[in-house]
2 protein chains.
Amino acid sequence: MESTLNDEQQKNRTPQMSELPTTCKEFRQACENCSLAKLCLPVSLAPQEMESLNSIIKKRLILERGKTLFNVGDSFSKLYAVHSGSFKAIMPTYYGKEQITSFYLPGELMGFDAIQSDQHQVNAIALETSSVCEIPFNGLLQLAGNIPNLQRQLIKIMSHKFNPDSNVNLNSNADERVASLLLALSSRFAQRGFSAVQFNLSMSRQDMANYLGLATETVSRIFTQMQEEKILQVNRKEIHILDFRQLQVRACVKVASE
Amino acid sequence: MESTLNDEQQKNRTPQMSELPTTCKEFRQACENCSLAKLCLPVSLAPQEMESLNSIIKKRLILERGKTLFNVGDSFSKLYAVHSGSFKAIMPTYYGKEQITSFYLPGELMGFDAIQSDQHQVNAIALETSSVCEIPFNGLLQLAGNIPNLQRQLIKIMSHKFNPDSNVNLNSNADERVASLLLALSSRFAQRGFSAVQFNLSMSRQDMANYLGLATETVSRIFTQMQEEKILQVNRKEIHILDFRQLQVRACVKVASE
DNA sequence: CGCCCGGTTGACAGATATCAAGCGTCGTGG
DNA sequence: CCACGACGCTTGATATCTGTCAACCGGGCG
């Protein structure tokens with residue numbers, strides 16, 4: 001079954017970081033050395049399988065705040081794994097009526113929107129200085145055909161988008177939306193080994209508001225309101241969750257213990 | 001490469017509809033004879049590959065209006081392809097604050113929400129008398145590993161959910177939401193060989209409203225308003241689009257020709 | 001035939017957007 | 001090092017959209 005991988009594996013066994021003169025700003029780091037491996041694609045791959053995956057991931061790109069990784073209409077050939085920093089995906093529509101559809105944190109994959117039509121459907125913009133690993137899509141599919149674990153992992157990652165909680169609930173008010181976003185970010189930071197109760201937002205209030213379908217003023221007012229109620233402490237981009245339980249109540253989260 | 005499939009294929013070659021005494025109401029019909037094959041999973045499969053897929057699809061279930069196919073928390077083992085009729089996926093939350101997350105038409109696959117946690121995240125409820133084909137998920141993955149076309153097709157189907165247009169735009173008003181939903185349904189009916197300008201809604205106004213994050217009264221008012229403006233003709237569940245172009249304008253659709 | 005339920009319509013209220021002003025921080029340049 | 005300007009954020013006043021409540025209508029079903 002693995003006979004088709006031999007030359008990929010061969011290539012991977014050759015020394016690192018010397019052979020390819022490219023224009024990118026940094027060479028890849030092996031997945032097996034990446035602290036994000038447990039969040040990203042290589043979850044539960046055997047060392048040998050991880051090596052195969054590694055062999056198709058050639059480049060790491062660095063983007064500064066505000067730079068776009070890809071734009072609507074760009075032709076599709078690669079997925080991108082956030083290695084550091086963060087991104088927003090934004091769908092331009094009429095007259096500045098753009099809609100931010102996702103935020104991406106380290107270990108998360110971007111570009112799935114383009115699979116259907118082979119063209120990207122959103123602009124991906126760095127929210128801060130960030131780096132991404134390029135994952136050639138055809139290579140990934142080929143590999144996934146040979147590594148059941150990788151196939152399952154890819155499909156599992158894609159299935160996140162089908163979780164109703166990963167989208168903003170349309171039948172929720174402004175409170176619930178802001179609270180839900182904060183809880184979602186909190187949980188994603190925690191997954192990455194950061195504090196669940198204190199973190200920095202990389203997006204502006206306007207980005208949050210747009211993502212949630214609110215006005216920036218409304219987001220701002222809800223922050224001050226939640227501060228007055230001792231649920232949050234907010235200092236510009238810095239969020240401190242003081243009353244996690246109450247924040248869950250605001251987000252209408254069903255909590256197991258009650 | 002196909003050695004692992006032999007016994008599946010064997011089984012498939014045995015006569016139809018006689019061997020399996022089950023509790024389901026109808027036995028499967030072969031994918032190759034199904035008019036939905038071009039929308040469903042078997043797209044672009046070779047006859048032999050289609051046969052393999054066919055071999056894992058054992059049952060067809062029939063559900064009457066209002067019956068649930070699966071519920072939140074049900075353990076996951078199968079995807080379901082709508083064969084006839086239609087469904088809604090609904091996420092129950094606090095106190096009747098439920099949220100309808102999708103509608104499903106013939107040829108569309110349900111159950112992806114459950115992949116992540118192995119438990120369904122929504123209730124799937126028939127909007128009318130409907131039938132579905134059961135697709136064992138593990139069997140499908142195994143098959144997909146051996147049939148690159150099937151793998152690609154599965155991933156392409158899943159990627160639909162990443163298209164920003166397949167979700168309600170949060171920064172849109174009631175007009176735009178209703179218009180967008182009608183256009184989306186129109187296009188999906190057209191794909192299935194039905195009229196793009198005249199069709200029947202299987203969901204109630206309340207379902208539409210909930211899906212769109214509006215009140216039923218608002219949906220109702222927008223229907224009457226669009227009737228007065230000669231954009232639509234509405235008779236209970238029956239929709240007639242009189243001015244397609246204007247409906248697109250309402251939905252803020254970017255049209256290539258202008 | 002009459003009830004029930006989904007849908008429509010109207011009046012009103014409330015949530016949130018919009019408009020406008022002011023504030024603090026950060027970066028730049030003198 | 002300080003002053004200035006720009007920008008993002010906050011706050012207040014007001015407008016608007018949509019939700020809520022209530023009544024009514026009409027078709028379908030018992």
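Note on naming: letters A, B, ... go to the chains in the order of the sequence lines (proteins, then strands), and numbering restarts at 1 for each one. A quick note: this is a predicted structure, and the numbers were derived from the prediction, not measured.
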Original post:
Can you say whether the rings of F103(B) and Y211(B) are parallel (under 30°), tilted (30 to 60°) or perpendicular (over 60°)?
Top reply: tilted
Subject >> Between T224(A) and E228(A), a side-chain donor and acceptor under 3.5 Å >> reply: no
**OP:** Report yes or no: do T129(B) and R65(B) form a side-chain donor-acceptor pair below 3.5 Å?
**Re:** no
Original post:
Separation of R177(A) atom CZ from dA15(C) atom C1', in whole Å?
Top reply: 11 Å
Original post:
Starting at CZ of R250(A) and ending at P of dA15(C), how long is that distance when rounded to a whole Å?
Top reply: 13 Å
Original post:
Rounded to whole angstrom units, what separation is found between the CD atom of E176(B) and the C1' atom of dC17(D)?
Top reply: 13 Å
Original post:
When you check the phosphate oxygens OP1 and OP2 of dG19(D), does a side-chain N or O of T218(B) lie under 4.0 Å from one of them?
Top reply: yes
Original post:
Please give, in whole Å, the distance from dG10(C) P to R221(B) CZ?
Top reply: 9 Å
**OP:** State which of dG10(C), dT18(C), dT11(D) makes the closest approach to the side chain of S220(A).
**Re:** dT11(D)
Original post:
Is it true that the side chains of N200(B) and E238(B) contain a donor and an acceptor less than 3.5 Å apart?
Top reply: no
Original post:
For R205(B) and dT8(C), is the shortest distance between a side-chain N/O and OP1 or OP2 below 4.0 Å?
Top reply: yes
**OP:** Would you indicate, yes or no, if dC9(D) has its OP1 or OP2 atom less than 4.0 angstrom from a side-chain nitrogen or oxygen of K237(A)?
**Re:** yes
Original post:
How close or far is atom C1' of dT16(C) from atom CG of L170(A), stated in whole angstroms?
Top reply: 16 Å
Subject >> Nucleotide nearest T224(B) when distance is taken to its side chain, options dG10(C), dT8(C), dT16(C) >> reply: dT8(C)
Subject >> Interatomic distance where CD belongs to Q206(B) and P belongs to dG7(C) [whole Å] >> reply: 8 Å
Original post:
Between I222(B) (CD1) and dG7(C) (P), how many Å, whole number?
Top reply: 15 Å
**OP:** Using the closest heavy atom to pick a nucleotide of DNA chain C for each, name whichever of S204(B) or E217(A) lands nearer the 5' end.
**Re:** S204(B)
Subject >> Atom-to-atom span, CD of E228(B) to C1' of dT9(C) - whole angstrom >> reply: 11 Å
Subject >> Nearest-nucleotide comparison on DNA chain C, the residue closer to the 5′ end among R236(A) and V219(A) >> reply: V219(A)
Subject >> Residue pair Q227(B) / Q233(B), side-chain donor-acceptor N/O under 3.5 Å >> reply: no
